[in-house]
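Data block below; observations after.
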Amino acid sequence: MPGGRLTQQERQQIALGLADSLAYAEIARRLDRPTSTITREVMRNGGPTAYRADLAHRATEHRAHRRRHASSRGSQSVPQPYGRDAEAVAEYEETLTTVLMASGLPKMTARVLTCLYTTDAGSLTASQLAQRLQVSPASISKAIAFLESQSLVRRERDERRRDRYVVDDELFYQATIASARANDQLVKTARQGVAILGAHTPAATRLENIARFLDFISERITHAAEQAREILHTKPETTSTDTKRPA
C-alpha cells in the first residue's frame, strides 16, 4: 500500500469519484489507499459536495510550508506523556476529527472535542484549547457553546476560578439520553400531524409509521444506555511494569 502524501493526480481521481457518487471505500480501493486517508482528505477540504482537487492540493502545500516554517523557527511540539509518539498522536487526532466531522459536527467543534478526548486529564481551559489548536478564544467559545448544548462537555471552575471544559465518564451517557429525548419530541410532533392530516390518509400513515419507528428506537437506546452505563466508568488496569507516569 503506497504511503506519503496524496499526489495531484490522486486528488483529481478523488474528485471524479465524488462526482460519480462513489463511496470513500471504493475511491480508496481504486487508489490503493486506506479509506481513512480519503475520508480525511475530503472532509478537511470542503466535504463531498465542495471538494476541488486543485484547491485541496494548494491547501496541502500551504500547510506543509507552514509546518516547515514553524520548524525552522524552532517551535516545540507539545510534550507527550507515557512515551507516546508525537507524530502518531497528531495523525490520530486528525483522523478522529475527520470522523467526528463526518458524523455531523462542524470542523472547529470536532477539533475541540478531539482535543478534550485525547487529553489524559479530560479537561482544559479556554486558553489552553486556543493555544493547542492555534485559534482565537472566540472560536473556542462558539465550539464549546455547541458542545454544551449537546451535553458533550460540561463546565466547572478550578481553584483559580477559571472555567474548565470537561469530558468525563458520564457525559457520553448523558448525550445519548439527550439524543433519545430529542427523538421523543419528534415522535410527539409527528403524531400531531396525524390528527391534522386525517387518520388513514397516506400522509398521516407515513407520519404515524415514523413516530412508531422512532418510539421503538428511543426506547431501545435508553434501555441499552442504562445497561451499558458502567462501561464508561471502567478504569485502565495497572500492573507492576506500568511505571511510566505522565510528564
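Values below: all heavy atoms of this structure, side chains included; hydrogens, waters and symmetry mates excluded.
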Is a donor on one side and an acceptor on the other found under 3.5 Å between the side chain of [X] and the backbone of [Y]?
| X | Y | value |
| --- | --- | --- |
| Glu94 | Glu91 | no |
| Gln134 | Gln131 | yes |
| Ser136 | Ser139 | yes |
| Thr222 | Glu219 | no |
| Thr37 | Arg33 | no |

Please name the pair of heavy atoms, one in [X] and one in [Y], separated by the smallest distance, quoted to 0.1 Å.
| X | Y | answer |
| --- | --- | --- |
| Leu152 | Leu171 | O-CD1, 3.8 Å |
| Ala56 | Glu41 | CB-OE2, 3.4 Å |
| Ala190 | Ala211 | CB-CB, 4.1 Å |
| Ile177 | Ala225 | CD1-CB, 4.1 Å |
| Met101 | Ala110 | CG-CB, 3.7 Å |
| Ile221 | Ala180 | CG2-CB, 4.3 Å |

For atom [atom1] of [X], decide whether the heavy atoms of other residues, nucleotides or ligands shown that lie under 6.0 angstrom number more than 12.
| X | atom1 | result |
| --- | --- | --- |
| Arg84 | CZ | yes |
| Gln9 | CD | yes |
| His233 | NE2 | yes |
| Arg160 | CZ | no |
| Phe172 | CZ | no |

State the [atom1]-[atom2] distance between [X] and [Y], to the nearest 0.5 angstrom.
| X | Y | atom1 | atom2 | result |
| --- | --- | --- | --- | --- |
| Gln8 | Arg58 | CD | CZ | 9.0 Å |
| Leu129 | Ile144 | CG | CD1 | 6.0 Å |
| Ser127 | Arg162 | OG | CZ | 6.0 Å |
| Thr205 | His200 | OG1 | NE2 | 8.0 Å |
| Thr189 | Ile210 | OG1 | CD1 | 11.5 Å |
| Ser141 | Asp163 | OG | CG | 10.0 Å |

Exercise for review: Applying side chain to side chain contact (heavy atoms under 4.5 Å, CB included) between Arg40 and each of Leu6, Asn45, Thr95, Val99, report the one that passes.
Suggested key: Thr95
Review point. Out of Ile140, Leu124, Val112, which residue meets the side chain to side chain contact (heavy atoms under 4.5 Å, CB included) rule with Arg132?
Key: Leu124
Within-4.5 Å side-chain heavy-atom neighbours: [X] and [Y]:
| X | Y | result |
| --- | --- | --- |
| Val153 | Val166 | no |
| Thr98 | Arg44 | no |
| Ser36 | Tyr24 | no |
| Leu113 | Val167 | yes |
| Tyr165 | Thr125 | no |
| Glu148 | Arg155 | yes |
| Val89 | Asp85 | no |
| Arg212 | Arg191 | yes |

Is there a path of hydrophobic side-chain contacts, each under 4.5 Å between heavy atoms, that joins [X] and [Y]?
| X | Y | result |
| --- | --- | --- |
| Leu96 | Met43 | no |
| Ile14 | Leu22 | yes |
| Leu55 | Ile38 | no |
| Leu133 | Tyr92 | yes |
| Tyr117 | Leu232 | yes |

Review point. Does the cation-pi check pass for Arg220 over Phe216, that is, NZ or CZ under 6.0 Å from the six-membered ring centre and within 45° of its axis?
Key: yes
Exercise for review: Tell me, please, which residues at least two apart from Thr114 pass side chain to side chain donor-acceptor pair (under 3.5 Å).
Suggested key: Thr97
Review point. What residues, two or more places apart in sequence or in another chain, satisfy side chain to side chain donor-acceptor pair (under 3.5 Å) together with Ser151?
Key: none
Practice item. Quick one: which residue pairs count as a salt bridge (charged side-chain N to carboxylate O under 4.0 Å, His left out) with a foot in residues 170-185, not counting sequence neighbours? Key: Glu170-Arg229
**Study point:** CA sep, side-chain torsions, deciding dist, call: Glu156, Arg154, salt bridge (Lys or Arg N to Asp or Glu O under 4.0 Å)
**Key:** CA-CA 7 Å; Glu156 63 180 32; Arg154 65 177 171 83; 2.6 Å; yes
Practice item. Check the pair Glu93 / Arg111 against salt bridge (Lys or Arg N to Asp or Glu O under 4.0 Å), numbers first and verdict last. Key: CA-CA 8 Å; Glu93 288 175 344; Arg111 292 185 68 198; over 6 Å; no
Practice item. Test Ile27 against Gln13 for side chain to side chain contact (heavy atoms under 4.5 Å, CB included), laying out the working first. Key: CA-CA 8 Å; Ile27 297 173; Gln13 290 301 310; over 6 Å; no
Exercise for review: Step by step, work out the salt bridge (Lys or Arg N to Asp or Glu O under 4.0 Å) result for Lys188 and Asp215.
Suggested key: CA-CA 9 Å; Lys188 179 181 178 181; Asp215 221 357; over 6 Å; no
